[in-house]
Colleague: 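One structure, pasted below without further comment.
Order of appearance sets the numbers: ligands from 1, and atoms from 1 within every ligand.
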Amino acid sequence: MNFNKVDEKVVKRLKEVVGDNYVLTDPEKMESYSHDEVTGDKYKKMPEVVVLPANALEIASIVQLANEKIIPIVPRGAGTGYAASSVPFLGGIVVSTERMNHILEVDEENMIMVTEPGVRTGEVQTVAAKHGYLYAGDPCSGDSSFIGGNVATNAGGNKAVKYGTTRQQVSGIEIVTPKGEITTLGGKLKKDSTGYCLTQLMIGSEGTLGIITKVYLKLMPKPKNVMDLLAVFPTSQQAVKAVPKIIHSGIMPLCVEFMANNSIKTCENFLQEKLPHSDVGNYIIVSVEGDNEQVLEEQCMLIDDICSQNKALETLVADSERIWKARKSFGEADRACSLIFSAEDIVVPPSQVANMVEKMQIISKKYGIAINCVAHAADGNVHADILKENMDIEIWNELLPKLRHEVYTYVYSIGGKLSGEHGIGYKRVHLLEEFANPVELKMMKAVKKALDPNNIMNPGKVIQI
Ligand SMILES: Cc1cc2nc3c(=O)[nH]c(=O)nc-3n(C[C@H](O)[C@H](O)[C@H](O)COP(=O)(O)OP(=O)(O)OC[C@H]3O[C@@H](n4cnc5c(N)ncnc54)[C@H](O)[C@@H]3O)c2cc1C
């Protein structure tokens, strides 16, 4: 599809919609919208124009204008994505939701919070807690990511074992469709079998099927106590193999995170803080929560037993702040030791995590490229950062596609997929073409063509039309 450029007439029309102050064309001001968290120059592109609308009506007018002129629209949250999905590679109008940052309602009777898309995830959590509730969405980027971005990527994170990903936290959304209509899908309902579930189709669609302008979030009763345990194992295999045993014991942990020894050392160096057994240890961090302290203690003792039987060097009540700071610094720590790296977001059946981690170690040795691994282990979601370090850029550009091809050939052979939570975006679009079930891919393309006939909504992302 050939798109038109944003010209002065389009800029003038955009200013009429949102006001002069909320249309950016100065390259210096637009620089931060030219990339997300994916590293490397090929994942950067300066926008033609950035607009900062205040509400759904303004967004609808912008989308109508884009259809009239056949210009791409690229929705943007906080830009913390790991798939280059909010970068305007085909030009067009970047629509930032940063001014739509209000919590509209906390409906305690229905246990629903209604927010605009530009509210930070951390603020949603804080406001829920102030009202005595839990908002269970919890990506590691929560201090910076927007709730609209979380919904658009179906973000996972640290409470997914017990509560599921963002998809399970949303009961409804308001969207602006690719044709510029405003509509609400779902709402405050607990159940809904009224035709196709379009709310769930939109969740995780990475801005390719519309712009989310309002979100209805489910609130949960807030548990009184949370306890974090840190189990340290001599090998990554022993660590990962303890995870199904914990799950099968009948405990429903909040999360079970894995950190391989090379990742622990990288985080330790980055934070300049000594971490327990960092010389040889591989971590499993298990969080459990509940109202009854005695029940929690019993669960912790059971986890301790399981880990000991699996040859743990030690199981400790974790210094929560310290251990989570280390776990959450994973991406930043890898960036500090290698400005360019490829963050993979592999998902495999939970029973295959140990095999997947072992395979990454074998591939790392074969290519002579460091690969740091952590995992949302009980979800089967392995984050593998492939580090360029000092490798010559030409060799890196040649080796990385081969390495990723080998990784995903293995991933699909064991029943896995390309992304557990970061999405396909621009970075994995070719891999989806290569590895996806062809019928599923055809269905995805049919949906996209039906809803966005001009292909203006975040084109070039997720699927190729
Ligand atoms: C340190 C770090 C830790 C991370 N940890 C996690 C984690 O634990 N779990 C996880 O899942 N991800 C994680 N991520 C990835 C990222 O934070 C999430 O994908 C997050 O949901 C992106 O939100 P955002 O507001 O930054 O969206 P952006 O990056 O701005 O956009 C992401 C996608 O959503 C679309 N989009 C944004 N807003 C809207 C909207 N209102 N309507 C329609 N489409 C929209 C964009 O077009 C783009 O396709 C992490 C990233 C970093 C840097």
Colleague: Please name the residue in the list Glu48, Lys69, Lys15 that meets the side-chain contact (heavy atoms from CB on, under 4.5 Å) test with Val10.
Modeller: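 Looking at Glu48, Lys69, Lys15, the match for Val10 under the side-chain contact (heavy atoms from CB on, under 4.5 Å) is Lys69.
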Colleague: Just to verify, what does Glu105 make a side-chain contact (heavy atoms from CB on, under 4.5 Å) with, not counting sequence neighbours?
Modeller: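 Scan of Glu105 (side-chain contact (heavy atoms from CB on, under 4.5 Å), adjacent residues dropped) gives Asp107, Val114, Lys188.
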Colleague: How far apart are the closest heavy atoms of Ala128 and Tyr135, and which atoms are they?
Modeller: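 The pair with the smallest heavy-atom distance is CB-N, 3.8 Å.
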Colleague: Run the side-chain donor-acceptor check on residues 175-186: report pairs under 3.5 Å with partners two or more places apart or on a different chain.
Modeller:
{"residue": "Thr177", "atom": "OG1", "partner": "Lys179", "partner atom": "N", "Å": "3.3"}
{"residue": "Thr177", "atom": "OG1", "partner": "Gly180", "partner atom": "N", "Å": "3.4"}
{"residue": "Thr177", "atom": "OG1", "partner": "Glu181", "partner atom": "N", "Å": "3.1"}
{"residue": "Thr177", "atom": "OG1", "partner": "Glu181", "partner atom": "OE1", "Å": "3.2"}

Colleague: Around ligand 1, what residues show up once you keep those with a heavy atom under 4.0 Å from it?
Modeller: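 Residues within 4.0 Å of ligand 1: Glu37, Pro75, Arg76, Gly77, Ala78, Gly79, Thr80, Gly81, Tyr82, Ser85, Ser86, Thr97, Pro117, Pro139, Cys140, Ser141, Ser145, Phe146, Gly148, Gly149, Asn150, Ala152, Thr153, Ala155, Gly156, Gly157, Glu206, Gly207, Gly210, Ile211, Ile212, Glu421, His422, Asn458.
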Colleague: Using the six-membered ring wherever Trp is involved, compare the ring planes of Tyr82 and Phe341 and label them parallel, tilted or perpendicular (cut-offs 30° and 60°).
Modeller: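 Perpendicular, since the angle between the ring planes exceeds 60°.
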Colleague: Restricting to salt bridge (Lys or Arg N to Asp or Glu O under 4.0 Å), what partner residues turn up for Lys159, sequence neighbours left out?
Modeller: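 With neighbours one apart ignored, the set is Asp138.
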